[in-house]
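Single-structure report; data block below.
Throughout, a chain's letter reflects where its sequence line sits, starting with A, and its residues are numbered from 1.
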Amino acid sequence: MHDVLLRTYGPQHWWPAQSAFEVVVGAYLTQNTSWKAVERSLDNLRASGVLSIEGVRVTSIEQLRKLIRPSGFHTRKASALKAFVELLDRDYSGSLDVMASVPIETVRGYLLQLPGVGPETADAILLYALGHSVPVADQYLSRLAERHHLIELPLARGRRGYHTLALLTQEAFSGDVDRDRQYLYGEFHALTVELGKAHCRKIAQCKGCPLEPDLANLPKGGPSHKT
DNA sequence: CGCCAGGCCGTGT
DNA sequence: ACACGGCATGGC
């Protein structure tokens, strides 16, 4: 799948950000929100000089809320961003580099305890902001895995479903010893998102989907669930 | 106008 | 352990 999508869409060079902290902010803001809307919030933060650790640290939660309004759920996301910086200050000297030097499982545990941070946000931060080799799963990947019968339907959803998909991704790339896994995880997630953006609603019929040859082998009747 | 977006959380079974 | 609704706003 990765190679087919790579040939179709080309290298994605994810995550689209100018700094590690911008990755963190983007990971929060894009929760159930289109990236287009996130970009406007990021522009607002940048224009106000708030798109930095210090910026979030010194900005009031009310002001933060106004700036990120375009990307929705601003009440939750503003306080969640504050909580992240508080964790950073309290346990990692206010430095993402320090956070990146701590064992991955330890950091993941702390991230998951933060408000507004679930498995996908935590892994996106670990991979794209902290430079760890961690697969990232999402709804797009879940749909793809279901359609291609790579996992049983009961395993596709919920917290268990996320872990199953992440493990599946890890195993799928484990045999590739020539390419860098961190890079592959990053690009694969980016490519599945790109596929989702282009074919999210059409993937049921999958007309023009680059993975169509594989989807053509689906059982008669095809997928019945919503995409 | 209605659907949905690169989830997460609290509540109810 | 899941299913379900709420969270907010803007694009299409």
Set of residues satisfying side chain to side chain donor-acceptor pair (under 3.5 Å) with respect to Thr169(A), sequence neighbours excluded:
none

The correct set of residues in residues 108-117 of chain A placing a heavy atom under 4.0 Å from DNA chain B is Leu114(A), Pro115(A), Gly116(A), Val117(A)

How close or far is atom P of dC9(B) from atom CD of Glu120(A), stated in whole angstroms?
12 Å

Measure CG/Leu141(A) against P/dG7(B) and give the value in whole Å, please.
12 Å

Between atom CG in Leu29(A) and atom C1' in dG7(B), what is the gap in whole Å?
12 Å

Arg160(A) CZ: over 12 foreign heavy atoms closer than 6.0 Å
no

What is the distance, to the nearest angstrom, from the OH atom on Tyr162(A) to the P atom on dC2(C)?
16 Å

Could you state the CG-P distance from Leu155(A) to dA3(C), rounded to the nearest angstrom?
11 Å

For Asp89(A), give me all partners under side chain to side chain contact (heavy atoms under 4.5 Å, CB included), at least two apart in sequence or on another chain.
Arg57(A), Val85(A)

Relative to each other, are the rings of Phe188(A) and His2(A) parallel, tilted or perpendicular (30° and 60° limits)?
tilted

My understanding is that only residues two or more places apart in sequence, or in another chain, count here; which of them pass side chain to side chain donor-acceptor pair (under 3.5 Å) with Arg65(A)?
none

Each nucleotide N or O in nucleotides 7-10 of chain C that has a protein N or O under 3.5 Å away: list the pair and distance.
from: dC7(C); atom 1: O2; to: Arg76(A); atom 2: NH1; distance (Å): 3.3
from: dA8(C); atom 1: OP1; to: Thr75(A); atom 2: N; distance (Å): 3.4
from: dA8(C); atom 1: OP1; to: Thr75(A); atom 2: OG1; distance (Å): 3.3
from: dA8(C); atom 1: O4'; to: Phe73(A); atom 2: N; distance (Å): 3.0
from: dA8(C); atom 1: O3'; to: His74(A); atom 2: NE2; distance (Å): 2.9
from: dT9(C); atom 1: OP1; to: Arg69(A); atom 2: NH1; distance (Å): 2.8
from: dT9(C); atom 1: OP1; to: His74(A); atom 2: NE2; distance (Å): 2.8
from: dG10(C); atom 1: O3'; to: Arg40(A); atom 2: NH2; distance (Å): 2.7

Expressed in angstrom and rounded to an integer, what is the separation of Tyr140(A) atom OH from dG7(B) atom P?
7 Å

Base, sugar-phosphate, or nothing: which does Arg160(A) touch, judged by heavy atoms less than 4.0 Å apart?
sugar-phosphate

If we take the P atom in both dA8(C) and dG10(B), what is their distance in whole Å?
14 Å

Find the distance Arg159(A):CZ to dG7(B):C1' and express it as a whole number of Å.
11 Å

Quick one: does any side-chain atom of Thr33(A) pair with a main-chain N or O of Thr30(A) as donor and acceptor, under 3.5 Å?
no

Membership question, hydrophobic clusters at under 4.5 Å side-chain separation (ILVMFWY): are Ile125(A) and Ile104(A) in the same one?
yes

Is it the case that more than 12 heavy atoms not belonging to Tyr110(A) sit under 6.0 Å from its OH atom?
no

For the residue pair Val23(A) and Ala124(A), what are the closest heavy atoms and their distance?
CG1-O, 4.4 Å

Base-pair map of DNA chain C as dot-bracket, where | denotes pairing with a different strand and pairs are Watson-Crick or G-U under 3.5 Å:
|||||||.||||

Gap in Å between the two C1' atoms, one belonging to dC4(B) and one to dG5(C), rounded
16 Å

Whole Å only: how far is the NE2 atom of His163(A) from the P atom of dC2(C)?
13 Å

May I ask you to decide whether Asp123(A) forms a salt bridge with Arg108(A), counting only side-chain N to carboxylate O separations under 4.0 Å?
yes

Quick one: do the Ser34(A) and Lys197(A) side chains pair a donor with an acceptor below 3.5 Å?
no

